[in-house]
There are 2 protein chains.
Amino acid sequence: MVATAKTAKRTARREQRRQQLIDATMKCIARKGMGSTTLADVAGEAGLSQGIVNLHFESKDNLLNETLRYLADEYKAQFNKTLEKSGPDAAAKLRALIELDLRPSICDRRKIAVWFAFWGEVKSRPTYRKICDERDQYYDDVVERLASEIIAEGKYKSVSAESVAIALTSMTNGLWLSCLISPRTFDRHKATDAVFEYLCKVFPKHFSK
Amino acid sequence: MVATAKTAKRTARREQRRQQLIDATMKCIARKGMGSTTLADVAGEAGLSQGIVNLHFESKDNLLNETLRYLADEYKAQFNKTLEKSGPDAAAKLRALIELDLRPSICDRRKIAVWFAFWGEVKSRPTYRKICDERDQYYDDVVERLASEIIAEGKYKSVSAESVAIALTSMTNGLWLSCLISPRTFDRHKATDAVFEYLCKVFPKHFSK
DNA sequence: AATATGAATGAATACTCATTCATTTTTAGA
DNA sequence: TCTAAAAATGAATGAGTATTCATTCATATT
């Protein structure tokens, strides 16, 4: 039983194995924190042996870089899928993006812990900074473009798309922090309400209750 | 010299050294990241010898806990001072708090890097979580109380103090992330504008441009 | 001046952990 | 089935680091 499972795992393809190790890395970071995640932990979590990470990733640094890369790509994929699926309407797209960020599958404490683990090292790791910046920039750009469209549609005055983008981007990131720090009191519905209350105020014609 | 004065002087010097080590710790974390800050780094930064941290703090864990404690206390002190100084008007207080969070002395990349370093370990360190939660809770409570006052004063409808508090707390935290991740493009004036644009929309009688 | 006391040093210790590599196991092609 | 290549293992290595502690230093007290 165990032997067959192990054999089955061993026969997994190379890409699959890398992914398996990246998944294990995220789990370890979520559970033990980045500071005390060792390669032995990662290998153990994946049910493989000591040297396995260096075999597939050359070094721990590399593993961590690729883990962050994966995290960012995974996010971006869901982000884009959400954009596509939510029809042509800018307001609908915006609504869908906010909901995505607060959906349990994304706004999940274990996943958020991994994001924060990397954010915590951003200052001293240019590679991390770059990847995180790309993601934030992309998010901000899309939101700003949607806000522009909405502003044009609604002929809103005294609202700048840039400000709306800044406000929304920071709000969603900040809500993740609350989810991480106050898991007991954090309420994703209240969080969603807070964001939409904001949208009602800025774009009343598009987001009235 | 009286006995009390003698011990007072001794504990003062002791306190001074502990503070010196905490300062050194924050500098190291900002520069090298929490992961690669060693006790030798901290001692070196303080211009002291190897064993010094264990002499004053027992362990590295302890040093880090006390560093976070200090960071939180320092923030709270500035927060309360701002509240006091900004007069009796709730809107003025709220304005002052937002400005505090985005003032260069607080919204400084090195300081923010330290906050994020601790936030990055929150999930696996209950002590960190507790300290950070206290701070967030306090912030949120104060903002919610101010928002309530403003809502009553202005007889605002369809705005909940709770939502405003959630929105503002998360926005300011999220803006810190932008400052950390995108130091080149982050603009504290634009950030301030974005927050105040929000306040103008929710509380037009109090925050009109 | 002599002594006592707490502060500080820094070399030694014990331990953790990334990385290496000789060896074994598995896979795939003939 | 056999065999070469690829994948995986896990013991060994060594660099790095928290912690300890015998010793030295500085200062206050007598």
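Proteins get letters first, then strands, A, B, ... in listed order; numbering begins at 1 in each.
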Legend entry - 5'-most by nearest nucleotide on DNA chain C - Gly47(B) or Thr37(A):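 Closer to the 5' end of DNA chain C: Gly47(B).
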Legend entry - First of Leu55(A) and Ser36(A) reached from the 5' end of DNA chain C, by closest nucleotide: Ser36(A)
Go through [options] for me and flag the one nearest to the [X] side chain.
X	options	answer
Lys60(A)	dT19(C), dT19(D), dT9(D)	dT19(C)
Thr38(B)	dC17(C), dT17(D), dT19(C)	dT17(D)
Ser49(B)	dA7(D), dA8(C), dT27(D)	dA8(C)
Ile52(B)	dA7(D), dA8(C), dT20(C)	dA8(C)

Nearest-Å distance, [atom1] ([X]) to [atom2] ([N])?
X	N	atom1	atom2	answer
Met34(A)	dA18(C)	CE	P	12 Å
Phe57(A)	dA18(C)	CZ	P	15 Å
Asp61(B)	dT17(D)	CG	C1'	14 Å
His56(A)	dT19(C)	NE2	P	15 Å
Leu64(B)	dA18(D)	CG	P	10 Å
Glu58(B)	dT19(D)	CD	P	10 Å
Gln50(A)	dG10(D)	CD	C1'	7 Å
Leu39(A)	dT20(C)	CG	P	11 Å

Inset, instruction - Kindly give the heavy-atom pair with the smallest separation between Leu180(B) and Trp119(A), and that separation in Å. - result: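 Scanning both residues, the minimum pair turns out to be CD2-O, 3.5 Å.
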Inset, instruction - Kindly give the heavy-atom pair with the smallest separation between Met171(A) and Val195(A), and that separation in Å. - result: SD-CG2, 4.0 Å
Inset, instruction - Output yes when Glu149(B) and Lys93(B) qualify as a salt bridge under the 4.0 Å nitrogen-oxygen rule, no when they do not. - result: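 The answer is no: the pair does not qualify as a salt bridge.
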Legend entry - Heavy atoms from other residues, nucleotides or ligands near NZ of Lys190(B) exceed 12 (cutoff 6.0 Å):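 Open.
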Inset, instruction - Look at Arg17(A) and dA7(D) and indicate whether a side-chain polar atom (N or O) is within less than 4.0 Å of OP1 or OP2. - result: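 Answer no for this pair, as no side-chain N or O of Arg17(A) is under 4.0 Å from OP1 or OP2.
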Inset, instruction - Decide whether a cation-pi geometry holds between Lys201(B) and Tyr198(A); the criteria are a distance under 6.0 Å from NZ or CZ to the six-membered ring centre and an angle within 45° of the ring axis. - result: no
